[in-house]
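Only one structure is covered here, and it is reproduced in the block below.
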Amino acid sequence: MSAISAARPKAPGPRATIAQNAKTQDYVRAIIGEADDVHEADGIEILDFRQANEKAQRWIDLQKRGGAPESDPEITVAAAVDAYIAVRAARRASQAGRQINSDAHYNFTNHVLEDRKLSPVRLCDLAESDLLAWQLRHRRLPPSTLQRIVNDFKAALNAAVHVHRRSLPADFPIVIKYGLKLDAPELLAAAACDNQILSDDAVRRIVAASLALDEDFGRLVVLLAATGARFSQLARMKVHDVQTEHGRLMIPQSLKGKKRVLQYVRVVVGRDTLAALAPIVAGRPASAPLLERWRHRQVGPMKWERVDRGPWSTPSEVTRLWKRAVAEAGLPVATIPYALRHSLIVRGLRAGLPIRLVAALHDTSVAMIEQHYSRYITEGLDELVARALVPIVSRAA
């Protein structure tokens with residue numbers, strides 16, 4: 001017996017996997033721990049019969065209350081993360097009209113849930129040292145990737161605080177704040193890497209290579225390069241967000257922070273960008289997703305066929321085509337899609353655009369621009385400073 005499970009009808013609980021009965025289709029199965037067949041029980045991950053029975057009963061009681069835990073003293077890091085993943089997945093499903101995994105699902109699965117030193121720790125026992133050690137184990141991740149995972153991790157733990165605050169230590173929010181603070185020298189989020197700042201010619205090459213590989217993917221890359229928007233913003237654009245007569249695009253704001261009303265960022269783009277979008281704008285409903293792609297299904301070994309068209313869902317869908325486009329464009333293998341955003345921000349700063357305007361166009365803050373692009377801010381102002389120079393040494397001297 002390799003695992004102990006608890007099952008009950010209807011709603012799934014934390015880390016539950018749905019196992020439908022062929023007749024009733026209403027059973028849910030959740031793994032609650034490993035059996036003590038090989039190793040001694042520890043009461044957390046490895047359970048004896050009594051511990052398994054008690055934990056299963058607690059799980060069933062929890063499901064009877066509608067799956068809404070109240071001050072569960074046994075909740076672990078893994079359970080808190082799973083609850084957060086479920087919330088994010090429900091949000092994405094409501095947006096896309098179908099069940100899809102969010103980026104948090106992949107990030108947490110690879111870097112938190114599979115971390116056997118951290119995931120089984122109970123929140124009430126979690127210490128700053130546990131979180132700092134987890135950061136050190138992932139210090140080889142790109143700084144921007146680690147920052148995104150840390151941000152999601154903070155959100156997951158803070159959400160757990162809201163639900164389980166009665167069972168958690170009073171200083172638990174402080175543990176989160178300082179345990180996940182990226183302030184160690186080797187963990188600081190670096191400024192925009194020089195190798196991710198592309199020249200105008202390099203941007204044109206990657207756009208051309210992308211359009212040649214796949215028109216749907218190519219249009220996505222065109223918008224990434226022309227607007228500097230995030231993938232999640234472009235994926236939510238509608239046909240009516242292309243205002244050809246005004247020469248601009250209306251980019252939905254990111255979902256970061258607490259936004260009660262959906263707002264848009266107006267971005268002026270060139271005629272070439274509007275021409276690239278013209279085929280997917282003409283004749284389509286105004287409320288239809290702007291960017292779509294073909295979905296495929298496997299019909300045999302190494303054989304796939306087109307099924308239908310639908311909007312882009314997650315950044316991982318562009319990975320394979322992006323790598324091919326990078327190779328075709330002759331760019332470094334390490335070049336990432338976010339390089340197009342970095343490059344556009346730097347281009348604006350070098351052109352002398354006000355920092356506040358650059359921040360607004362890219363749906364970020366002045367503080368973030370100053371923190372990550374301070375070097376390029378001064379570069380962009382050199383020409384303006386030069387205009388104010390006057391001779392101060394006479395010819396006689």
Side-chain angles (χ1 to χ4, degrees), residues 100-101 103 105-107 109-111 138 140-149 189-235 237 269-270 272-273 275-277 279-280 290-307 309-348 350 362 372-373 376:
I100 55 176
N101 290 325
D103 294 338
H105 168 85
Y106 300 103
N107 287 334
T109 299
N110 295 331
H111 305 296
H138 294 82
R140 294 186 178 180
L141 288 172
S144 58
T145 300
L146 181 58
Q147 182 69 69
R148 288 194 293 272
I149 297 172
C193 298
D194 288 342
N195 62 354
Q196 297 298 334
I197 307 300
L198 306 179
S199 66
D200 293 345
D201 180 62
V203 171
R204 284 189 284 268
R205 294 204 312 271
I206 190 70
V207 168
S210 300
L211 286 168
L213 285 173
D214 181 271
E215 288 187 348
D216 295 326
F217 169 68
R219 293 189 184 99
L220 172 61
V221 174
V222 167
L223 287 183
L224 288 172
T227 68
R230 305 171 183 87
F231 173 91
S232 60
Q233 294 174 265
L234 299 180
M237 287 185 68
V269 295
D272 55 337
T273 299
L277 297 177
I280 60 174
L290 176 64
L291 299 174
E292 292 186 335
R293 68 181 185 91
W294 281 105
R295 297 185 182 131
H296 298 77
R297 67 180 176 187
Q298 190 169 7
V299 295
M302 304 299 292
K303 187 177 181 181
W304 298 74
E305 69 176 10
R306 289 180 172 179
V307 180
R309 290 180 63 80
W312 294 87
S313 299
T314 63
S316 60
E317 294 171 339
V318 309
T319 301
R320 179 179 58 83
L321 286 170
W322 176 261
K323 290 181 178 179
R324 290 179 59 188
V326 165
E328 292 288 336
L331 298 180
V333 177
T335 305
I336 60 176
Y338 225 67
L340 298 174
R341 177 178 173 86
H342 289 319
S343 303
L344 191 59
I345 291 175
V346 170
R347 189 184 308 144
R350 284 174 169 168
H362 295 87
H372 295 285
Y373 303 94
Y376 302 98

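All values derive from a computational prediction rather than experimental measurement.
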> Run the salt bridge (Lys or Arg N to Asp or Glu O under 4.0 Å) check on Asp201 and Arg205 step by step: do they pass?
Replying inline: CA-CA 6 Å; Asp201 180 62; Arg205 294 204 312 271; 2.7 Å; yes
> How far does CZ of Arg293 sit from CH2 of Trp312, to the nearest 0.5 angstrom?
Replying inline: 5.5 Å
> Counting distance only, does the side-chain N/O of Ser343 pair as donor-acceptor with the main-chain N or O of Leu198 below 3.5 Å?
Replying inline: yes
>> Less than 4.5 Å apart, side chain to side chain, heavy atoms only: is that true for Tyr338 and Arg230?
In response: yes
>> I'd like to know whether CZ of Arg324 has more than 12 heavy-atom contacts from other residues, nucleotides or ligands below 6.0 angstrom.
In response: no
> Of all heavy-atom pairs between Arg295 and Gly310, which one has the smallest distance, and what is that distance?
Replying inline: NH2-CA, 3.4 Å
> If you measure from CD1 on Ile280 to CG on Leu291, what distance do you get to the nearest 0.5 Å?
Replying inline: 5.0 Å
> If you look at every heavy atom in Trp294 and Arg306, which pair is closest and at what distance?
Replying inline: NE1-NH1, 3.2 Å
>> Under a 3.5 Å distance rule, please check whether Trp322 uses its side chain to pair with a backbone N or O of Thr335 as donor and acceptor.
In response: yes
>> Can you give me the closest heavy-atom contact between Leu321 and Leu213, atom names plus distance?
In response: O-CD1, 3.8 Å
>> Measuring from atom CD1 of Ile345 to atom CG of Leu340, what distance do you get when rounded to the nearest 0.5 angstrom?
In response: 11.5 Å
> Can you check whether Val207 reaches Leu224 side chain to side chain, under 4.5 Å on heavy atoms?
Replying inline: no
>> Whether the side chain of Thr273 engages the backbone of Val269 through a donor-acceptor N/O pair (distance < 3.5 Å, no angle test) should be reported.
In response: no
> Looking at CD of Gln233 and OG1 of Thr227, how far apart are the two atoms once the value is rounded to the nearest 0.5 Å?
Replying inline: 7.5 Å
> Hey, are the side chains of Gln196 and Ile336 touching, using non-hydrogen atoms and a 4.5 Å cut-off?
Replying inline: yes
>> Please determine whether side-chain contact (heavy atoms from CB on, under 4.5 Å) holds for the pair Asp200 and Arg347, giving the CA-CA distance in whole Å, both sets of side-chain angles, and the decisive distance to 0.1 Å.
In response: CA-CA 9 Å; Asp200 293 345; Arg347 189 184 308 144; 3.1 Å; yes
> With no hydrogens and no angle check, is any side-chain donor or acceptor of Arg341 less than 3.5 Å from a backbone partner on Ala225?
Replying inline: no
> Which residue pairs pass the salt bridge (charged side-chain N to carboxylate O under 4.0 Å, His left out) test with at least one member in residues 206-223, sequence neighbours excluded?
Replying inline: Glu215-Arg219, Asp216-Arg219, Asp216-Arg309
>> Would you say that Val333 contacts Lys323 through its side chain, given a criterion of any heavy-atom pair below 4.5 Å between the two side chains?
In response: no
> Roughly how far, to the nearest 0.5 Å, is CG of Asn110 from NE2 of His138?
Replying inline: 9.0 Å
> Just wondering, do His296 and Glu305 contact through their side chains at under 4.5 Å, heavy atoms?
Replying inline: no
> Taking all atoms of both residues into account, what is the closest heavy-atom pair of His342 and Tyr373, and its distance?
Replying inline: ND1-OH, 2.6 Å
>> Do Phe217 and Val318 have side chains that approach each other closer than 4.5 Å (heavy atoms only, starting at C-beta)?
In response: yes
> What closest approach, in Å, do Ile206 and Ser210 show between heavy atoms, and which atom pair accounts for it?
Replying inline: O-OG, 2.7 Å
> Is the shortest heavy-atom distance from the side chain of Met237 to the side chain of Leu234 under 4.5 Å?
Replying inline: yes
